[in-house]
Amino acid sequence: MTQRKKTKVYITRKLPDAVETRMRELFDAELNIDDAPRTRADLERAMQTSDVLVPTVTDRIDAGLIESAGPQLKLIASFSNGTDHIDVDAAARKGITVTNTPNVLSEDTADMTMALILAGPRRLAEGSRILTERPGEWAGWSPTWMLGRRIWGKRIGIVGMGRIGTAVARRAKAFGLSIHYHNRKKVSPQTEDELEATYWDSLDQMLARVDIVSVNCPSTPATYHLLSARRLALMQPTSYIVNTARGGIIDEAALIQCIREGKIAGAGLDVFENEPAVNPKLLKLAEEGKVVLLPHMGSATLEGRIDMGDKVIINIRTYFDGHRPPNRVLPGRD
């Protein structure tokens, strides 16, 4: 009996060993052992020779690349929850299916969001640096030294009440925060009741009335600079903003100015407008203890990455078995 030819799969970044091993067992998989980001030329060559492309959020798969793809490329199985790095409409026109890996990173990202919600007002990064970078400065406990702001009893405003936003709300409620949210539509009455959540149809009105803003909406053309200079100016001078979604949702320059001028108390950011570059002015604010910065590690758990890899494998196998993959991304969706 003739053995069926293995599906040729091109993987753009280093994945956990368990995922790569399974990929090699099932497919004719080309790995990226050194984890160096692939160039546009690398991606173009891969798309001309492979049956499946497995990109990540660091790979910009635009209409030009998709148009240059060979006829054998049938599937872009993204190792990501978001798909803003892929021109899904262009892929559909070319007859290429796009899939993603949803619903496996919500809890990990919500954990990190909660960590940043605590880190800013309670000055966690500042306190750690005093012990590690300025040994000898700490003279012992003092009633008025390193005072932060209390979390319990404050209001949190969640921008984007999807799976991650809801997971953040559950954690925040356990910390004694009252839950407010803005979303394209209200969550179910059961979820609202569980969280004792208040829905705001107007984002502007919510921003002016909460103590902490958590950005958890997807990155789409409609959400680019959703937190604009005008909207940031609505926030209270004692308020904090946390972003674990995408950097472009906040006008970063406007945020820096608001914090510098004391119009916002601080921020916790895991994402940036021009990743991997970080605005030097943000780094300066971090040195001054006004912001907490993390290198896009909100979903970075081994368990989460393996779960993502499993979904990629399931999507590939399902597609080439002649069925609709479970995580297909449809064109024209925000």
Look up atom CD in Gln190 and atom OG in Ser188, then write down how far apart they are to the nearest 0.5 Å. 4.5 Å
Test log, rule side-chain hydrogen bond (donor to acceptor under 3.5 Å, both in side chains), inputs Thr318 and Asn315: CA-CA 5 Å; Thr318 304; Asn315 283 321; 5.8 Å; no
Over 60° means perpendicular and under 30° means parallel, so classify the ring planes of Trp138 and Trp145, tilted if in between. parallel
How close do Ala267 and Tyr240 get, counting heavy atoms only, and between which atoms? N-CD2, 4.3 Å
Within the 3.5 Å criterion, strictly below it, is a donor on Arg38 or Tyr10 matched to an acceptor on the partner's side chain? yes
Consider only side-chain N and O atoms of His225 and Glu273, and report whether a donor and an acceptor are under 3.5 Å apart. yes
Looking just at side-chain N and O atoms, do Ser214 and Asn216 make a donor-acceptor pair shorter than 3.5 Å? yes
Return the CD1 to CD distance between Ile179 and Glu194, rounded to the nearest 0.5 Å. 10.0 Å
Could you measure the distance from the CZ atom of Arg171 to the CG atom of Leu118? Nearest 0.5 Å is fine. 12.0 Å
Just by distance, no angles: are the side chains of His85 and Thr56 close enough, under 3.5 Å, to form a donor-acceptor pair? no
Only one of Leu285, Asn279, Leu283 forms a side chain to side chain contact (heavy atoms under 4.5 Å, CB included) with Leu293, so which one is it? Leu283
Does the pair Asp108 and Thr301 meet the rule for a side-chain hydrogen bond (donor to acceptor under 3.5 Å, both in side chains), with working shown? CA-CA 7 Å; Asp108 296 330; Thr301 68; 2.8 Å; yes
If we count only N and O atoms by modelled type, under 3.5 Å, do the side chains of Arg324 and Thr97 hold a donor and an acceptor together? no
Interatomic spacing from CG in Leu232 to CG in Leu227 - rounded to 0.5 Å: 5.5 Å
Can any side-chain N or O of Gln72 pair as donor or acceptor with the backbone N or O of Ser50 at less than 3.5 Å? yes
Does either side chain, that of Asp270 or that of Thr244, offer a donor lying less than 3.5 Å from an acceptor on the other one? no
Donor on one side chain, acceptor on other, Gln257 and Glu261, under 3.5 Å: yes
Is the closest side-chain donor-acceptor distance between Thr99 and Asn327 under 3.5 Å? no
